[in-house]
Q: 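Once you've had a glance at the structure underneath, I'll fire off some questions.
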Amino acid sequence: MVGEELFRASIGKLRRLLDQREISAPELAEYFLDRMQRHNGTLNCYITVTEEQAMEMARRAQRKIDQGDVRIWTGIPLSVKDNISTKGIKTTCGSRMLESYVPVYDATIISKLRRYGAVLLGKTNMDPFGMGNTCRTSHFGPVQNPVSSGRIPGGSSGGAAACVAAGLCAGALASDTGGSIRQPAAFCGVTGLKPTYGTVPRYGLIAFASSLDQIGPIAASAEDCGYLLDAITDYDPNDSTMRQPNCYGYTGKVGASLKGIKIGVPAVLLEKAEPAVQAAVLDAVEFYKDAGCECVPVSLPGRSYALSAYYIISSAEAASNLSRFDGIRFGSRGEGETCTEQMKSSRGNGFEPEVKRRILLGNYVLSAGYREEYYQKATAARNRIKAELENALQACDFLLSPTLPFTAPRVGVLEGDLIRRYEADAYTVLANLSGLPAVTTPCGYDGDGLPIGLSLTGRAFDEASILGAAAAFEAQFTRREAAAL
Amino acid sequence: MTVQPRIGLEIHVRPVTKTKLFCTCEAGFGGRPNTRCCPRCLGLPGSMPKLNEQAVRQAVKAGLALGCEIPSKSVFVRKGYSYPDLPKGYQITQWEDPICRDGRVELSGKKIGIFRIQLEEDAGKMIHDRGACTLVDYNRCGLPLLEIVTAPELESPEQAAAFVKELIARLRKYGIAECRMEQGGLRMDVNVSLNGGERVEIKNINSIRFMGKALRYEIGRQRELLEQGGAVSYETRRYDERQEITVHMRSKEQSPDYRFFPEPDLPPLLLSREDIAAARRELDQTNHG
């Protein structure tokens, strides 16, 4: 079976096709590279297409398949967000600062994927350094939403979500600091998972905010996300913030009964959502009730501090993480008589406006006299939010809410309005502040046919439960094709 | 005019370790520039620190050798400043929760307090004398340092020198540090005030002899100021070895804002009673052996 429909096949199905020799790994890679050639010009979801390396990896994968040395992702064509270091392949973070940066080492997850024969098709577009939720601010041009060309794809992993929605890869690896996986996945109508903090090794992920960043998958289904998470988790001594040793089997609860499961529904997140979003999410609540779940309201009073806490903490860490980009060892070097002048010009020219704003904000909230007023209060608020969510999850198996209170905005709406742009992160940052895992899957469409995301937030390291519950919903939900292709 | 100096020291020593503090590069001295570097100590994007357990053990031993308390939990922080020899743009060090605190060392019957010992990483080395360019050698970058901070309880340059000698003797005896001054293995910042006035900090002195000279000069300079009816205000100075004087570097207003915050890439360092007992046993063995 080699045909036009291959891009709709699940990872499980591609696995069977590869193992039964109905298609070879190089053929599969070529198929996706061909689709990329046809559609990437419009969508701009890839910054770099690694055609040659992909074919070489596919040939290696085929040898493994022939030898029977196969993992679920052997020979599966994947995309990688351009903030994950790939040895010998440009890794730009979507920024002018790193437009020609080529890492000398592979991120831990890339080494593992290479080892077991995954095929890396290319590096996906993103808002510079992960700072943004529109994917319209990349140095390499804006990404189109495959669902509707007049709408933003969301960000920062807009390239990853768009290439999954458009079938330009079988799955994507991205990162989520405040919603960067879930928000574009929701806007593009696909499934995305932010794993528990400490599940996936971050070594090689170019840090935005180290205490919030986590690598995770975007794919066509919750089951595929589970397979991809299996592919990238592994205990890594290089990342001292990892908390879980080898934990495989994230698809273990796909197909399991939902009977007796208790779901918490934070009323405040539902109330603030647009009517169409509310209606779709309430339908999902009904689905879970019919499947034998108990749904109870949950209150999260600390939520009102979440957005401020997030922007203070993430900007503080970003200001520090990005201070290394001075144009001396990497980053484009600017002109200047003295060393300081040179650094100023490198940073002045290299960083995009949003990046500069966060560096300024971050340095401000950490500076003497303001640290107590901002950074420390934000840390206290973060601890409170974490405690509230964990408390709610002692009584409930997981929490259910809209991923965002609205669907993909029109191009131009968020880009010009800083406050609305920041406020758009209000729901998604909860999982990052608390470190908890959260999955988004489409649960309906609004009047304009735009997808609505359903979010399930689980207990720490219990990705299997939320992926299982999301898969159960997906099994009875009819998704629409991305229309703008 | 008789004056009563009060002197406090911040002493940086390089503990004996096989590797650097946060990576597995060899902890050597000299050699071809930039041959003992890796993504971590070069601060390459995406790299993360991994704490060297031998350095932790040496720090705990230093604490025990100087009568310190060893808290069960200590925290690494980022100290932000921008300089080409510091590739990450921040130094990983300790601040409010150091690995050792509240020690004391007896010096001819007088007890000198140790405020704290913190574990931190060294910076690279700038080379200015090779033509038009300034070069940077990162071989030293990321080597472990113990910063030992005393209370301002030393009363004369002679006492300060005696203290440093005692400190070196103990660190050598227990195999904690070799304190080889010619290799930059012992560097000091000296704080001195007269008659309970404001202190002046003299940065980066690299031998006991220079410390004595710097202190004597600085005490003389401050006394003269007081005798002329002036006042000493807080400032940072450096010792000019050739002219044998201290020179103004910056005032309080000019001192950098380090924007400290906890290092998110390293969880707090937790030491169990067994860890500390093991370090003590090691210390005792060296003592008897």
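Below, chain A is the first sequence line, B the second, and so on; all start at residue 1.
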Q: About how many Å separate CZ of A/Arg114 and NZ of A/Lys87, when rounded to the nearest 0.5 Å?
A: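 CZ of A/Arg114 is found 8.5 Å from NZ of A/Lys87.
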
Q: Report, as yes or no, whether the 6.0 Å neighbourhood of atom CD on A/Glu372 holds more than 12 heavy atoms from other residues, nucleotides or ligands.
A: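 Count over threshold, so yes.
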
Q: Looking at A/Cys339, A/Ser211, A/Gly204, which makes the most heavy-atom pairs under 4.5 Å with chain B?
A: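 It is A/Gly204.
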
Q: Parallel, tilted or perpendicular: which fits the ring planes of A/Tyr364 and A/Tyr374, with parallel below 30° and perpendicular above 60°?
A: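 Plane angle between 30° and 60°, so tilted.
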
Q: Are the charged groups of B/Arg237 and B/Glu235 less than 4.0 angstrom apart, N to O?
A: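 Looking at B/Glu235 together with B/Arg237, the answer is yes, because their closest N to O distance falls below 4.0 Å.
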
Q: Select one option (side chain, backbone, both, neither) describing which atoms of A/Ala368 are under 4.5 Å from chain B's heavy atoms.
A: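 Interface part for A/Ala368: both.
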
Q: Using heavy-atom distances under 4.5 Å, tell me whether A/Phe129 contacts chain B through its side chain, its backbone, both, or neither.
A: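 Neither part.
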
Q: Could you have a look at A/Leu205, A/Leu212, A/Asn363 and say which one has the most heavy-atom pairs with chain B under 4.5 angstrom?
A: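 When all of A/Leu205, A/Leu212, A/Asn363 are compared, A/Asn363 has the most.
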
Q: Quiz question: by atom type and distance under 3.5 Å, do the side chains of A/Asp326 and A/Ser346 form a donor-acceptor pair?
A: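 A/Ser346 and A/Asp326 do not have a side-chain donor-acceptor pair below 3.5 Å.
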
Q: Regarding A/Thr199 and A/Thr233, is there a side-chain donor-to-acceptor distance under 3.5 Å anywhere?
A: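 Side chains of A/Thr199 and A/Thr233: no pair found under 3.5 Å.
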
Q: Taking side chain as everything from C-beta outward and backbone as N, CA, C, O, which of these in B/Asp265 sits under 4.5 Å from a heavy atom of chain A? Side chain, backbone, both or neither.
A: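 Looking at B/Asp265, backbone and side chain both touch chain A.
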
Q: Below 4.5 Å from any heavy atom of chain B, which atoms of A/Tyr203 appear? Answer side chain, backbone, both or neither.
A: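 Both backbone and side chain.
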
Q: Applying a criterion of heavy atom separation less than 4.5 Å, what residues of residues 74-101 of chain B form contacts with chain A?
A: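 The list, in residue order, reads B/Arg78, B/Ser82, B/Tyr83, B/Pro84, B/Pro87, B/Lys88, B/Gly89, B/Tyr90, B/Trp95.
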
Q: Check this for me: does any side-chain nitrogen of one of A/Lys386 and A/Glu390 sit under 4.0 Å from a carboxylate oxygen of the other?
A: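 A salt bridge is present here (some side-chain N lies under 4.0 Å from a carboxylate O).
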
Q: Among the options B/Ser47, B/Pro267, B/Pro49, pick out the one with the most heavy-atom pairs lying under 4.5 Å from chain A.
A: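 Of the options given, most contacts go to B/Ser47.
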
Q: So for A/Pro237, is it side chain, backbone, both, or neither that comes closer than 4.5 Å to the heavy atoms of chain B?
A: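 The answer is both parts of A/Pro237.
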
Q: If you count heavy-atom pairs under 4.5 Å between each of A/Asn321, A/Ile328, A/Val365, A/Val104 and chain B, which one has the most?
A: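 That would be A/Asn321.
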
Q: Hey, are the side chains of B/Asp275 and B/Val60 touching, using non-hydrogen atoms and a 4.5 Å cut-off?
A: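 SC-SC contact between B/Asp275 and B/Val60 ruled out.
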
Q: Chain B heavy atoms under 4.5 Å from A/Phe325: which part of the residue, side chain, backbone, both or neither?
A: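 The answer is the side chain of A/Phe325.
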
Q: For B/Thr246 and B/Asp240, does a side-chain donor sit closer than 3.5 Å to a side-chain acceptor?
A: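 Looking only at side-chain atoms, B/Asp240 and B/Thr246 do not form any donor-acceptor pair under 3.5 Å.
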
Q: Need one label for A/Ser85: side chain, backbone, both or neither, based on atoms under 4.5 Å from any heavy atom in chain B.
A: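 Contact with chain B: side chain only.
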
Q: Any salt bridge between B/Lys125 and B/Asp137, counting N to O under 4.0 Å?
A: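 Salt bridge flag = no for B/Asp137 with B/Lys125.
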
Q: Among side-chain atoms of A/Lys194 and A/Ser180, is any donor-acceptor pair under 3.5 angstrom?
A: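 No donor-acceptor contact under 3.5 Å links the two side chains.
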
